[in-house]
2 protein chains.
Amino acid sequence: MSHTLGVRQARKQQTRQALLDAALGLLEHQNLSSLGLREVTRAVGVSPTAFYRHFQDLSDLGVALVEESLGSLHSAIQAAMAEQRDPDRLIDRTVEIIAGHVLDHRPHIRFIARERHGGVRPVREAIATQLTHFADEVAAGLALQPVSDGWTDDDVRMLAELYVDHMVTTASQFLEATPEDEERITSTARRQLRVISLGRRHWLDS
Amino acid sequence: MSHTLGVRQARKQQTRQALLDAALGLLEHQNLSSLGLREVTRAVGVSPTAFYRHFQDLSDLGVALVEESLGSLHSAIQAAMAEQRDPDRLIDRTVEIIAGHVLDHRPHIRFIARERHGGVRPVREAIATQLTHFADEVAAGLALQPVSDGWTDDDVRMLAELYVDHMVTTASQFLEATPEDEERITSTARRQLRVISLGRRHWLDS
DNA sequence: AATTTCGGAGAACAGATGTTTACTGAATGA
DNA sequence: TCATTCAGTAAACATCTGTTCTCCGAAATT
């Protein structure tokens, strides 16, 4: 069955996670490129040298945070696309999922938005990779719907990217919104998705 | 006519501009929140204390960079929207303008993309303000077109935001693209705009 | 010609940074 | 039980940071 980790390995993963958590917290008001190694270890209550037992770098830690941040949303969206066939209800469902995910994992999403174009290349690249996979999956989901009959693969891909970019943009807007803004953002995002959906339906009219 | 500045004021604005230029250069591989004051003055060849004659803060300098970065694009887009009536040609024209602007002012655009969700609040807010003005102007431009007859102000605004977000996303993609990617990005952006344009035409069908 | 204004320099401040080196002590595995 | 592995420690390293204070000299003003 599940292999019980040795006491040592368990302790190690524990402080590794503590480092990740502390870093994520500190990154709420800061960029990764200005985050200090000592700052992180101090927040955990561990010596600066202990850091090197888990990560080479702060950018190494950043890459780990990318995985942690986008893994769950990844599967959530994919599940929604599989279960919900009707394209119109799918729109509402997608916006709901994004809104919910931002509320539940606000620091993670903020980290992604902040470092997507940030100053640390390896982290930027890790995020780009994840978003590309996202687009792949959305494209696969879209291709299954009858509305996509007659579309070229390239056009499906183009549409998927439009959806993903819109997701990211919407998530970013939720981040900096006050609670009373949220309703307006939700409404706008839904109508924007409807515009795209309409354009999709008439794509082959020409 | 134009008031010739005194020698002193001229020299002052000169080193002020040198500070802005140096900072912009350093921000190519870094975030504003990790940029050092001394680092900037060193690059200009001026003493650290001189900095305070021009800016209170590095975030103060950042806000100045926002104005410098978005001012010109601002007017360029507005001119394009005024001169070009045909919505379809307008799409191509818009993509051209963005692509050209990214090529001509790459460091400025990179700065905007990097600090839009960055760790320095005043800079984030300055960028948000500028983008809101952008959306205002695009909305005004869209409202003038016959396609917008029967639209509510709110829906026009919603559409304008969709266009602006798409502009920003496209610009960001150009930033990290290799030269051979550019063609693909241009093609995708154009088709995405066409999807939106189609959805716009059928918005009132329901 | 005499006085004021003011952009910039220089030195010094306390404090912070990443990284190295050598060491400890408990969990591991023979 | 004994030897080994290895997560975490402690101290010291050279170097960098933002900011204050005092001063200088040329431009501006009178």
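Note on naming: letters A, B, ... go to the chains in the order of the sequence lines (proteins, then strands), and numbering restarts at 1 for each one. This one's a predicted model, so the numbers in the text were calculated from it and none came from an experiment.
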On DNA chain C, which is the earliest and which the latest nucleotide, 5' to 3', with an atom closer than 4.0 Å to a heavy atom of chain B? C:dT5 to C:dA12
Summarise how protein sits on nucleotides 23-29 of chain D as a single string, 5' to 3': B when a protein heavy atom is under 4.0 Å from the base, S for sugar-phosphate-only contact, - for no contact. ---BBS-
Nucleotide by nucleotide, nucleotides 12-21 of chain D touches protein heavy atoms under 4.0 Å in the pattern (B base, S sugar-phosphate only, - none) B----SBBBB
Sugar-phosphate only, base, or nothing, as touched by B:Ala50 at under 4.0 Å among non-hydrogen atoms: sugar-phosphate
Partner set under salt bridge (Lys or Arg N to Asp or Glu O under 4.0 Å) for A:Arg110, not counting sequence neighbours: A:Glu28
Please indicate whether [X] has more than 12 foreign heavy atoms, meaning atoms of other residues, nucleotides or ligands, lying under 6.0 Å from its [atom1].
X: A:Gln9; atom1: CD; value: no
X: A:Glu180; atom1: CD; value: yes
X: A:Arg106; atom1: CZ; value: yes

Can a donor-acceptor pair be found, under 3.5 Å and without considering hydrogens, that links the side chain of B:Asn31 to the backbone of A:Ser33? no
With both pairing distances under 3.5 angstrom for Watson-Crick or G-U wobble, and | for a partner in another strand, the correct string for DNA chain C is ||||||||||||.||||.||||||||||||
Test salt bridge (Lys or Arg N to Asp or Glu O under 4.0 Å) applied to B:Asp155 and A:Arg194, A:Arg191, A:Arg190, the passing residue: A:Arg191
At a heavy-atom distance below 4.0 Å, what parts of residues 12-33 of chain A sit against DNA chain C? none
Flag the pair [X] and [Y] as a salt bridge only when some basic side-chain nitrogen lies within less than 4.0 angstrom of an acidic carboxylate oxygen.
X: B:Arg42; Y: B:Glu39; answer: no
X: A:Arg124; Y: B:Glu176; answer: yes
X: B:Arg184; Y: A:Glu161; answer: yes

In sequence, state the C-alpha distance, the side-chain angles, and the governing distance for B:His117 and A:Leu175, and then conclude on side chain to side chain contact (heavy atoms under 4.5 Å, CB included). CA-CA 9 Å; B:His117 304 289; A:Leu175 275 182; 5.8 Å; no
Looking just at side-chain N and O atoms, do B:His166 and B:Gln192 make a donor-acceptor pair shorter than 3.5 Å? yes
Might you work through the side-chain hydrogen bond (donor to acceptor under 3.5 Å, both in side chains) test for B:Arg157 and B:Thr152, ending with a clear yes or no? CA-CA 9 Å; B:Arg157 174 75 199 195; B:Thr152 66; over 6 Å; no
Using side chain to side chain contact (heavy atoms under 4.5 Å, CB included), reason through A:Val168 and A:Phe134 one step at a time and then give a plain yes or no. CA-CA 11 Å; A:Val168 173; A:Phe134 250 108; over 6 Å; no
Should the ring pair B:His101 and B:His105 be called parallel, tilted or perpendicular, given that the plane angle runs from 0 to 90° and is split at 30 and 60? tilted
Please lay out, stage by stage, how A:Asp57 and A:Ser59 fare under the test side-chain hydrogen bond (donor to acceptor under 3.5 Å, both in side chains). CA-CA 5 Å; A:Asp57 246 9; A:Ser59 77; 3.1 Å; yes
